[in-house]
> 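If you scroll down you'll find the structure; I have some questions about it.
All residue numbers refer to positions in the sequence shown, counting from 1. In each ligand, atom 1 is the first atom listed, and ligand 1 is the first ligand listed.
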Amino acid sequence: MTDTQPATADVVVIGGGLMGRASAWRLAAAGLDVVVVGGETAAAASTVAAGMLAPVTETTFTEEVLLGLNLASMQRYPSFAAEVEQASGLPSGLRAGPTLSIAYDADDAARLATLAAYLGRLGLESSRLTSREARTIEPLLAPTVRAGLLVPGDASCDNRQLLAALTAAGERVGVRAAAGFVHHVASAADRVTGVVLADGTSVSAPTVVLANGAWAGQVTGIPPVPVRPVKGQILRLDPGRFPQPGVVVRAFTRGTEIYLVPRDGGREVVVGATVEELGFDRRVTAGGVYELLRDARLAIPMSTEYVLAEASVGYRPGTPDNAPILGRGVLEGLVLATGHHRNGVLLTPITADVVAELVLHDRVLDVAAPFGPERFDRKRIDRERIDRGRVDPVAAGHREEDRRC
Ligand code: GLY
């Protein structure tokens with residue numbers, strides 16, 4: 001161990017991405033001694049994502065409970081961003097909406113109309129647009145675009161700027177970093193006692209926050225966390241002297257779906273993203289890049305003039321229901337804040353608040369209650385169903401003595 005490697009702390013945060021850094025900052029600002037073990041960053045969703053804040057345009061059927069959490073986090077964003085800027089002296093990356101969803105062909109238009117009707121039923125604000133109206137809002141759209149849907153509340157945030165600002169804000173209130181990767185969480189008598197790193201060194205702490213995104217399932221010493229990496233290939237285009245879109249554009253293009261997210265000052269347009277269940281596959285493929293550029297061109301022909309500045313792969317942390325895991329782990333002192341899948345940048349403010357509330361006040365925020373890890377505890381779910389008389393205990397594989405464990 002080097003002299004500077006921390007050996008003890010009040011809290012160890014596993015993960016140096018948005019969840020880890022935002023949580024660490026909040027906890028250190030409240031007076032705790034916090035150490036972050038950063039781990040993997042190159043393909044972390046926090047670094048690679050486009051940074052859409054899209055609770056409305058990204059909502060899908062059957063995800064109404066998640067929508068509540070997404071909207072609660074969106075509501076916090078303006079004050080959260082202002083606070084981060086003040087605490088760090090750096091830009092937060094927040095860029096106001098609206099977001100414009102568009103449909104390329106007739107089938108895409110039917111899909112957009114279905115989405116608009118669904119949003120209407122949920123009471124979410126959006127306005128349907130003709131092709132002409134959509135092109136008035138975003139003149140770079142292809143003239144052949146069929147229809148649009150304007151969502152005033154959805155915005156974006158440059159996640160790389162936000163991560164830099166959160167890191168700086170944390171450092172200003174004393175957050176320390178331990179180099180390396182966590183090998184396992186150490187525990188004794190059902191309580192965490194810290195972490196052991198891959199090089200054999202350890203950091204002792206009574207509280208451990210697991211916030212390492214797609215890698216959460218790889219940490220041992222705790223019951224397996226059901227998180228899988230969902231690969232996304234994503235491009236960063238440099239518009240140079242060419243105009244860039246003024247708003248975030250989400251496009252249904254011949255049955256596929258892409259988004260183009262412009263940054264302030266014409267610095268870049270992020271085009272994403274593939275969704276691939278390939279595990280930790282780091283390959284940027286010709287097919288992935290081709291499809292993203294093809295669909296970007298259908299929506300915004302001007303995009304072919306931009307420079308292809310970066311093609312990267314990131315791993316969304318997916319869970320069995322694709323909603324985050326926020327809450328206490330089975331070991332005393334363990335807090336889980338992972339599994340944010342497609343909504344990590346959006347859910348950063350509320351995740352930091354949930355973690356702070358748990359660590360500082362041992363309380364679960366109401367809005368986070370449906371997202372505890374216990375929802376994936378098969379035995380517990382079966383037992384509840386048995387108690388309600390819905391399932392035969394033998395068929396569920398439980399004997400009476402199991403109930404006493
Ligand atoms: N939220 C955008 C994505 O996951 O690609």
> Could you tell me, atom by atom, which parts of ligand 1 come under 4.0 Å of a heavy atom of Y259?
2 (C), 3 (C), 5 (O)
> Could you check atom 4 (O) of ligand 1 against the protein and tell me its nearest heavy-atom contact, residue, atom and distance included?
R316 NE, 2.7 Å
> With rounding to the nearest 0.5 Å, note down the distance linking CG in L346 to CG in L53.
6.0 Å
> Kindly compute the distance separating NE2 (H340) from CG (N322), expressed to the nearest 0.5 Å.
13.0 Å
> Using a cut-off of 6.0 Å, state whether more than 12 heavy atoms not belonging to H184 lie near its atom NE2.
yes
> Name the closest protein heavy atom to atom 1 (N) of ligand 1, giving the residue it belongs to and the distance to 0.1 Å.
R342 O, 2.8 Å
> Under 3.5 Å, is there a donor-acceptor pair linking the side chains of R135 and S131?
yes
> Begin from the C-alpha positions of F181 and W215 and carry the test ring-ring contact (aromatic ring centres under 6.0 Å, His included) through to its verdict.
CA-CA 11 Å; F181 295 83; W215 291 269; 8.9 Å; no
> I need the atoms of ligand 1 closer than 4.0 Å to a non-hydrogen atom of M52, numbered in the order shown.
2 (C)
> Under 4.0 Å, heavy-atom basis, I'd like to know which part of H341 is in contact with ligand 1: side chain, backbone, both or neither.
neither
> Report yes if some N/O of N343 lies less than 3.5 Å from some N/O of ligand 1; otherwise report no.
no
